[in-house]
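All remarks here apply to the structure that follows.
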Amino acid sequence: MPELLEVESYRRLADRTVGRRIRSIDTPDAWYLKGNTAEELKAAVVGTTVVATGRRGKLLTLTLGNGRILGLRFGMTGRLIVDGEAAIDELVYGARRQNPGWDRFTMRFGTRREPPGWLTMSDPRRLGGVELDPDIERLGPDAATISRPQLMEALRSAAPVKAALMDQGRIAGLGNLLTDDVLWRAGLAPARSSNSITGDELATLHRAVRATLRVLARRGGSHTGDLQDERSRGGHCPRDGAPLRRDQIGGRTTIWCPVHQR
DNA sequence: CCGGATGTTCACCT
DNA sequence: GAGGTGAACATCCG
């Protein structure tokens, strides 16, 4: 998916639907509906209005006029399209082409007197989903606004710091690409046990989370990190020129510099 | 042809 | 219980 930065741009796009009334929904893929049948979903949302958008980590939420919350998850390849316009032209690991067969969920808006339009989730790999009233509190604090004490709490674990940062229940929003760039920026080895992080290192890591999100947001997304060009082929550290390492940590391919990440 | 890819969940180990 | 591993989902790309 889309990590935090992409989902935030999806949220801003979805903001366009605030104030619109949901006329109908298309649910061509029952598997995409988590926890509800199409009939239940339809009964809960059709006829109500989108009153707000929100985001916690990689979860996009649409608050409806009846108090229900519609949670949208995008997996690795999910895209959001509103009124035919996509928030992001091309996902790095997503499909280049567009295929109507990948439309997994659509809301159609408008009545005689209210604004029309539609919102579609397109997801080739079907790794995302739509859930009514998702358990948002199962997610940790959002990475974009997490405080230093909250980060310390998130790292109260014997797991590698990389695994803890990717654990959405501990801290929400960081995926594989962002996490590698955060640790690179912080100078921390990804396999370091979380509870071995010192107070000074925690402060550095906290700043690195914020800096990485700020810088990559400005550059255009999670795939614009300093390590991105080095991910595919064995590259060199942009900071000190050392050969980068490629390891499996927390179940994911991890790129890191053994010289300055300690 | 094969392996891996911005993710999550689950079963099964240690 | 905590942590790790591999599978599953489906498609594209190198």
Side-chain angles (χ1 to χ4, degrees), chain A residues 1-10 28-35 55-60 71-80 86-104 121-131 134-136 138-140 143-144 154-183 190-196 212-213 216-217 219-235 246-255:
Chain A
M1 150 172 32
E3 303 186 35
L4 181 152
L5 296 173
E6 285 70 36
V7 178
E8 176 59 19
S9 73
Y10 289 3
D29 185 354
W31 194 76
Y32 214 66
L33 310 180
K34 311 300 180 185
R55 182 188 57 74
R56 176 86 156 252
K58 309 172 193 174
L59 176 70
L60 173 60
L72 310 183
R73 290 192 175 83
F74 295 90
M76 284 205 291
T77 56
R79 307 209 306 169
L80 185 72
I88 296 170
D89 293 337
E90 182 179 308
L91 283 169
V92 169
Y93 294 118
R96 304 254 164 97
R97 292 178 307 112
Q98 215 9 325
N99 182 337
W102 298 332
D103 290 356
R104 311 298 180 189
M121 293 177 72
S122 170
D123 186 355
R125 290 181 61 183
R126 301 166 83 210
L127 297 174
V130 175
E131 184 180 12
D135 185 3
I136 297 171
R138 222 162 47 111
L139 296 168
L155 296 181
R156 195 165 306 233
S157 162
V161 62
K162 158 115 177 185
L165 290 176
M166 297 232 313
D167 183 342
Q168 302 301 300
R170 294 179 173 276
I171 166 174
L174 301 181
N176 200 36
L177 300 186
L178 286 176
T179 302
D180 278 1
D181 247 58
V182 164
L183 291 171
R192 273 277 296 281
S193 172
S194 300
N195 51 30
S196 76
T212 301
L213 291 175
L216 271 55
R219 289 184 190 162
S222 306
H223 60 289
T224 60
D226 293 64
L227 294 175
Q228 186 65 24
D229 289 344
E230 322 296 330
R231 293 198 78 84
S232 42
R233 29 182 198 286
R246 179 189 198 85
D247 291 311
Q248 291 288 124
I249 300 174
R252 306 296 297 275
T253 297
T254 301
I255 307 295

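The sequence lines fix the lettering, A, B, ..., with proteins before strands; numbering per chain opens at 1. The basis for the numbers below is simple: all heavy atoms, side chains too, and nothing from hydrogens, waters or symmetry mates.
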Worksheet item: CE of Met76(A) versus C1' of dT11(C): gap in Å, rounded?
Response: 10 Å
Worksheet item: Lys34(A) NZ to dC9(C) P: how many Å, rounded?
Response: 12 Å
Worksheet item: In which stems does DNA chain B show up, taking only runs of three or more Watson-Crick or G-U wobble pairs whose two distances fall under 3.5 Å?
Response: B:2-5 with C:11-14, B:7-14 with C:2-9
Item to complete: Using atom CG of Asn99(A) as one end and atom P of dT11(C) as the other, report the distance to the nearest whole Å.
Response: 8 Å
Which pairs, protein N/O on one side and nucleotides 1-6 of chain C N/O on the other, fall under 3.5 Å?
from, atom 1, to, atom 2, distance (Å)
dG3(C), OP1, Ser157(A), OG, 2.8
dG3(C), OP1, Ala158(A), N, 3.0

Worksheet entry | Short side-chain N/O contact to dT8(B) OP1/OP2 from Lys58(A), under 4.0 Å | yes
Fill in: Euclidean distance for P, dC2(B) against dA7(C) (whole angstrom)
16 Å
Under 3.5 Å, N/O pairs linking protein and nucleotides 11-14 of chain B:
none

Discussion item. Heavy atoms from C-beta onward define the side chain here; which of dT6(B), dT9(B), dC9(C) lies closest to that of Glu6(A)?
Written reply: dT6(B)
Discussion item. Please check: side-chain N/O of Asp29(A) versus main-chain N/O of Arg104(A), any donor-acceptor pairing under 3.5 Å?
Written reply: no
Worksheet item: Short question: side chain of Arg55(A), backbone of Gly57(A) - any donor-acceptor pair under 3.5 Å?
Response: yes
Practice prompt. Say whether, by atom type as modelled, one donor and one acceptor occur between the side chain of Thr179(A) and the main chain of Asn176(A) under 3.5 angstrom.
Written response: no
Fill in: Exam field: side chain Arg126(A) to backbone Trp102(A), donor-acceptor pair closer than 3.5 Å
no
Discussion item. With a 4.5 Å cut-off on side-chain heavy atoms, are Leu165(A) and Arg170(A) touching?
Written reply: no
Discussion item. Strictly distance-based, threshold 3.5 Å: is any side-chain N or O of Glu6(A) a donor or acceptor partner for the main-chain N or O of Ser222(A)?
Written reply: yes
Discussion item. Working to the nearest 0.5 angstrom, can you tell me the gap between Leu139(A) CG and Asp167(A) CG?
Written reply: 10.0 Å
Practice prompt. Nearest whole angstrom, please: distance from the P of dA10(C) to the CG of Leu127(A).
Written response: 9 Å
Worksheet item: Does Ile249(A) offer a backbone N or O that forms a donor-acceptor pair with the side chain of Asp247(A) under 3.5 Å?
Response: no
Practice prompt. Would you mind reading off the distance between Arg126(A) atom CZ and dT9(B) atom P, rounded to a whole angstrom?
Written response: 16 Å
Discussion item. Side-chain N or O of Thr253(A) versus OP1/OP2 of dA5(B): is the shortest distance under 4.0 Å?
Written reply: yes
Worksheet item: Once you round it to whole Å, what is the distance between P of dA5(B) and CG of Asn176(A)?
Response: 8 Å
Worksheet item: CG of Asp123(A) versus C1' of dG7(B): gap in Å, rounded?
Response: 10 Å
Worksheet item: Is a salt bridge present between Asp123(A) and Arg73(A), judged by a nitrogen-to-oxygen distance below 4.0 Å?
Response: no
Discussion item. Any base atoms under 4.0 Å from Arg138(A), or only sugar-phosphate, or nothing? Heavy atoms, all strands.
Written reply: sugar-phosphate
Discussion item. What I'd like to find out is whether the side chain of Tyr32(A) reaches to under 4.5 Å of the side chain of Met121(A), using heavy atoms alone.
Written reply: yes
Item to complete: May I ask you to verify if any side-chain N or O of Arg252(A) is less than 4.0 angstrom from the OP1 or OP2 atom of dT6(B)?
Response: yes
Fill in: Gap between atoms CE and P, on Met166(A) and dT6(B) respectively (whole Å)
8 Å
Worksheet item: Is it true that a side-chain atom of Gln168(A) and a backbone atom of Met166(A) form a donor plus acceptor pair closer than 3.5 Å?
Response: yes
Worksheet item: Is the side chain of Arg246(A) donor-acceptor paired with the backbone N or O of Arg231(A) at a distance under 3.5 Å, no angle test?
Response: yes
Discussion item. Please give the distance between the C1' atoms of dG3(C) and dT6(B) as a whole number of Å.
Written reply: 24 Å
